[in-house]
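What follows is one structure encoded as C-alpha cells, with my remarks underneath.
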Amino acid sequence: VANAYLSSRPMPSLAQPLLDALSERTRESASLGQLLDNDAIIVGRSTARRSLSTGLGIGSRLPAYCSALGRVLLAGLPPQEAQARLRNMPRVALTRQTIFSVPRVVELVQRCREEGYATNDGELEVGVRSMAVPVRDRQGQVVAAMSIAVGVERMGMGEFRDAFLPMLNRARDTLATRLFPG
C-alpha cells in the first residue's frame, strides 16, 4: 500500500529519470527521501549495476539521526524542532562509526544547514558512504533530500564529495525546477 501511494505521487515520477541518470553517470545508487516521523523514507531510488546492494527500495526507512538523507531533512526544520525531534527519537549505534549523541548530531545538522549537504561514513552500514543535498520549493522550504552512496573501497570521503557533490547538486536543481516551475 505504501509503495503504491508513494509511487503515485508526482515527486518520485519527476525524480526517477534524474536518479537514473545520476546513477548511470556515477555508477552508484541514488535515492530521494522525505521525512516521515523519525526516519527518512525512500520515495525514489535508482541502483547502478555495480553498486552496493544494500536492499534499500521504495518505502525503506533510514533513521534520520544517522543517515545523510535524514540529516539533510532535519536541517530543513527550524533548529529547535530538529533538536526536539532528535531528543525524542530512539538513537542507537548501528555500527562502531554511528554518531548518535544529541549534541554531536545537532552539530552535524547545523553544519549541513551551513554547507548545504550532509554525509555519512559507515554509520548506517559498515563500508558504505553517502552524501545528500536538500530539494527546496520556491519558498526555500526543504521538501525532500537527494543522496548518492558509494563503497568505501571505491573512494575516500574527500574524493567522493569532490567527484559527486556537483553532479548531485545539478540533479537536485533540475528536480526543483521540474517540481516548482515558473
Side-chain angles (χ1 to χ4, degrees), residues 1-76 94-95 97-98 112 116-136 142-179:
V1 177
N3 197 351
Y5 165 73
L6 292 170
S7 59
S8 72
R9 300 176 66 205
M11 189 180 307
S13 55
L14 288 170
Q16 197 57 52
L18 298 167
L19 294 171
D20 291 342
L22 186 59
S23 184
E24 194 58 40
R25 267 200 310 280
T26 61
R27 293 166 45 230
E28 299 298 343
S29 302
S31 302
L32 184 73
Q34 291 183 294
L35 195 59
L36 184 64
D37 306 319
N38 296 325
D39 301 318
I41 186 167
I42 305 287
V43 297
R45 183 154 168 88
S46 186
T47 309
R49 283 180 297 278
R50 71 172 297 287
S51 81
L52 326 148
S53 59
T54 52
L56 288 180
I58 307 288
S60 293
R61 294 168 81 114
L62 303 175
Y65 69 93
C66 69
S67 61
L69 278 172
R71 287 177 183 156
V72 164
L73 295 165
L74 288 170
L94 300 174
T95 72
Q97 281 103 302
T98 307
C112 172
Y117 70 97
T119 59
N120 165 315
D121 196 356
E123 294 180 63
L124 269 177
E125 186 180 335
V126 174
V128 180
R129 293 192 164 109
S130 64
M131 178 169 49
V133 295
V135 178
R136 297 177 188 278
V142 174
V143 295
M146 192 179 274
S147 73
I148 193 160
V150 65
V152 295
E153 73 290 339
R154 179 140 184 241
M155 55 180 73
M157 193 54 112
E159 188 188 352
F160 175 44
R161 186 187 55 241
D162 295 347
F164 292 162
L165 186 58
M167 285 187 261
L168 192 54
N169 281 328
R170 273 196 303 279
R172 180 267 321 270
D173 293 346
T174 303
L175 176 60
T177 304
R178 289 180 186 175
L179 283 170

For residues 162-172, which side-chain donor-acceptor pairs fall under 3.5 Å, sequence neighbours excluded?
residue : atom : partner : partner atom : Å
Asn169  : OD1  : Arg172  : NH2          : 2.9
Asn169  : ND2  : Leu165  : O            : 3.4
Arg172  : NH1  : Pro134  : O            : 2.8

If you look only at distance, which donor and acceptor atoms sit under 3.5 Å apart when one is on a side chain in residues 35-43 and the other is two or more places apart or in another chain?
residue : atom : partner : partner atom : Å
Asp37   : OD2  : Arg61   : NH2          : 3.1
Asp39   : OD2  : Arg61   : NE           : 2.8
Asp39   : OD2  : Arg61   : NH2          : 3.4

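Remark: Met157 CE to Ser130 OG distance equals 7.0 Å, nearest 0.5 Å.
Looking at Ser46 and Asp20, their side chains do bring a donor and an acceptor atom within 3.5 Å of each other.
Residues that satisfy the side chain to side chain donor-acceptor pair (under 3.5 Å) test with Gln97, not counting sequence neighbours, are absent from this structure. Every residue two or more places apart in sequence or in another chain was checked for a side chain to side chain contact (heavy atoms under 4.5 Å, CB included) with Asp173, and none qualifies. Every residue was checked against the side chain to side chain donor-acceptor pair (under 3.5 Å) condition with Thr174, not counting sequence neighbours, and none meets it. Glu159 pairs by the side chain to side chain contact (heavy atoms under 4.5 Å, CB included) definition with Met155, not counting sequence neighbours. Legend: residues meeting side chain to side chain donor-acceptor pair (under 3.5 Å) with Thr177, ordered by chain and number and at least two apart, are absent. The side chain to side chain contact (heavy atoms under 4.5 Å, CB included) search around Ala132 returns Ala68, Leu69, Val72, Ser147, not counting sequence neighbours. In this structure Arg161 satisfies the salt bridge (charged side-chain N to carboxylate O under 4.0 Å, His left out) test with no other residue, sequence neighbours excluded.
In terms of heavy atoms, Cys66 sits closest to Glu123 at O-CB, 3.9 Å.
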field: Derivation of the side chain to side chain contact (heavy atoms under 4.5 Å, CB included) call for Met131 and Val150
entry: CA-CA 9 Å; Met131 178 169 49; Val150 65; over 6 Å; no
